[in-house]
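Down below is the structure, laid out as structure tokens.
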Number of protein chains: 2
Amino acid sequence: MATFPSANFSQGPPGESISDRIVAVLQRRILAGEIPIGAWLRHGALAEEFGISRTPVREALRILNAQGIVTIDLHRGARVNGHSGKDIREIGAVRAELEGYAAELATERINDAQLKRMQEAWQGFGELIQQFDGTEEDQQRQAQQWAESNHAFHSVIVEASGNHQLELTIAELRRRLPHNLSYAAYAGNARLLRRNLEQHEGIAAAIIGHNARLARKLMTAHLRASNEATARWVENRGSRV
Amino acid sequence: MATFPSANFSQGPPGESISDRIVAVLQRRILAGEIPIGAWLRHGALAEEFGISRTPVREALRILNAQGIVTIDLHRGARVNGHSGKDIREIGAVRAELEGYAAELATERINDAQLKRMQEAWQGFGELIQQFDGTEEDQQRQAQQWAESNHAFHSVIVEASGNHQLELTIAELRRRLPHNLSYAAYAGNARLLRRNLEQHEGIAAAIIGHNARLARKLMTAHLRASNEATARWVENRGSRV
DNA sequence: ACGTTCATAATTGGATGCATCATCGTCGCC
DNA sequence: GGCGACGATGATGCATCCAATTATGAACGT
């Protein structure tokens, strides 16, 4: 592990402060699972790693705290939040409602470019699933690709809703849960993946067919099912904190 | 305007940092409209007012920025965000969906104490509206009371949904819009207020009657209408920024 | 052996200092 | 008179410093 500055963090794109960049880096690491749940985030260590002082690190941790990603105990420090099955179900329920609503809006408002991206996303996913086997590493890599494809599919629909505040709110919800949770739950489970693909197909068909009500219904059901699988996986694996 | 420390901010309830308290104070002031849209929030001035250093003020402003309440321009400072009619419609649409969902859940889960609070809220509102007239100041005061009563009604339903993450998300949305907007739109408009009361009655009746689907539908419609009135008011009064 | 006490180290919270950037008025020049 | 360079001024962003709090661990007594 590098203790010297891992990159030049004291200069970057203009209009962006150092703490903004620290926030982005830590968000990514936590969401990716590089920093495990319950880990302490020390001012000193992070400052040293990035070659900066503790001040912007402190600000970054405050922001992550406001976003619900870490918890700050006064005079003790910041640690990465874990999530119980209950938390995951609650966040997922909210997300299911909002993305369902987004699908409804998107059905009316989606444009050709977005339609194309949507279809590419779930078709890429379909090709991926065809060749679903191989070694453990293959499965890990495929799960990663699945996560990206999945994200692309959902993102384009949310974007196509045309409601920017809705987009922000959903992004906020996504940020509360580490991604590796959901795709870890799916990795190596061909049945779940196939069901997922079928649901995406149904949603895409509803949107293309201009059936807004159906699109909403399917999207909500899809996310509820997907989320329930994740919540169960967390509860069984006992990796909650 | 006091330039000396307005209160003893260097000590307070344990478990809470100074910046947390600054965040709370500024949130309240901005939501109440004490600090107008577009106003600059200066480190030095705030630090002096609260009798603290600039460091916790900076952290507070960064948190408000993350919450979408202020915008920080690098090397220029933080200013209070304004909202266009479009923003208000978008936020309101999201809120209408989520509170509709909350009403649906609440219908199944609300307990007796919460039911009582809910009824008190809209009944208090009803009494208020009976005597709706008087001088301009009276109307202002009544609008203020209406805002509180309104907030109590919605809060108890959201709380009764039993989904804490949903509660957090709705609180987040509420924080994005200054309250004075919505009740300024209603102040002095007896017709709007009466319609509001009727809608609350309908929602309460649906919840009491255990009709979850209806409760949801009415709540969503209620918030959409209410929000549209606010958006129109903002657009006509031209107090957007 | 085990719990308690006290001193020490580690870490955070907040204050202060300093370099950088944006703004604004003035001066000089065309 | 108008326009651009330039320096003063004020504010921010970050680094550094100090105080307050918590964790750690050894010494001690039971």
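Please read these numbers as outputs of a predicted model, since none were measured by experiment.
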Any salt bridge linking [X] with [Y]? Criterion: basic side-chain nitrogen under 4.0 Å from a carboxylate oxygen.
| X | Y | answer |
| --- | --- | --- |
| A:Arg175 | A:Glu172 | yes |
| A:Glu48 | A:Arg42 | no |
| B:Glu228 | B:Arg232 | yes |

Whole angstrom value for the distance that separates P of D:dA15 from CD of A:Glu48 |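 To the nearest whole Å, that distance equals 14 Å.
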
Value in whole Å for how far the P atom of D:dG13 lies from CG of A:Asp20 |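 Between P of D:dG13 and CG of A:Asp20: 10 Å.
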
With rounding to the nearest 0.5 Å, note down the distance linking CG in B:Asn65 to CD1 in B:Ile72.
->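 So the CG of B:Asn65 and the CD1 of B:Ile72 are separated by 4.0 Å.
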
Report the C-alpha distance between B:Glu104 and B:Arg109 in whole Å, list the side-chain angles of each, state the deciding distance to 0.1 Å, and finish with yes or no for salt bridge (charged side-chain N to carboxylate O under 4.0 Å, His left out).
-> CA-CA 9 Å; B:Glu104 180 182 342; B:Arg109 302 178 181 173; over 6 Å; no

Looking just at side-chain N and O atoms, do A:Arg58 and B:Thr55 make a donor-acceptor pair shorter than 3.5 Å?
->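 No donor-acceptor contact under 3.5 Å links the two side chains.
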
Tell me, for nucleotides 6-14 of chain C in 5' to 3' order, what letter each nucleotide earns: B for a base near a protein heavy atom under 4.0 Å, S for only sugar-phosphate near one, - for neither?
-> -----SBBS

At their closest point, which heavy atom of B:Val70 faces which heavy atom of B:Ala78, and how far apart are they?
->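 Of all heavy-atom pairs spanning B:Val70 and B:Ala78, the closest is CG2-CB, 4.2 Å.
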
Could you please spell out the steps behind the side chain to side chain contact (heavy atoms under 4.5 Å, CB included) verdict for B:His154 and B:Ile157?
-> CA-CA 5 Å; B:His154 285 275; B:Ile157 291 174; 5.9 Å; no

For the helix from C:dA1-D:dT30 to C:dC30-D:dG1, measure the angle between the helix axis at one end and the axis at the other, each built from five pairs, rounding to 10°.
->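 Comparing the first five pairs with the last five, the axes sit 10° apart.
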
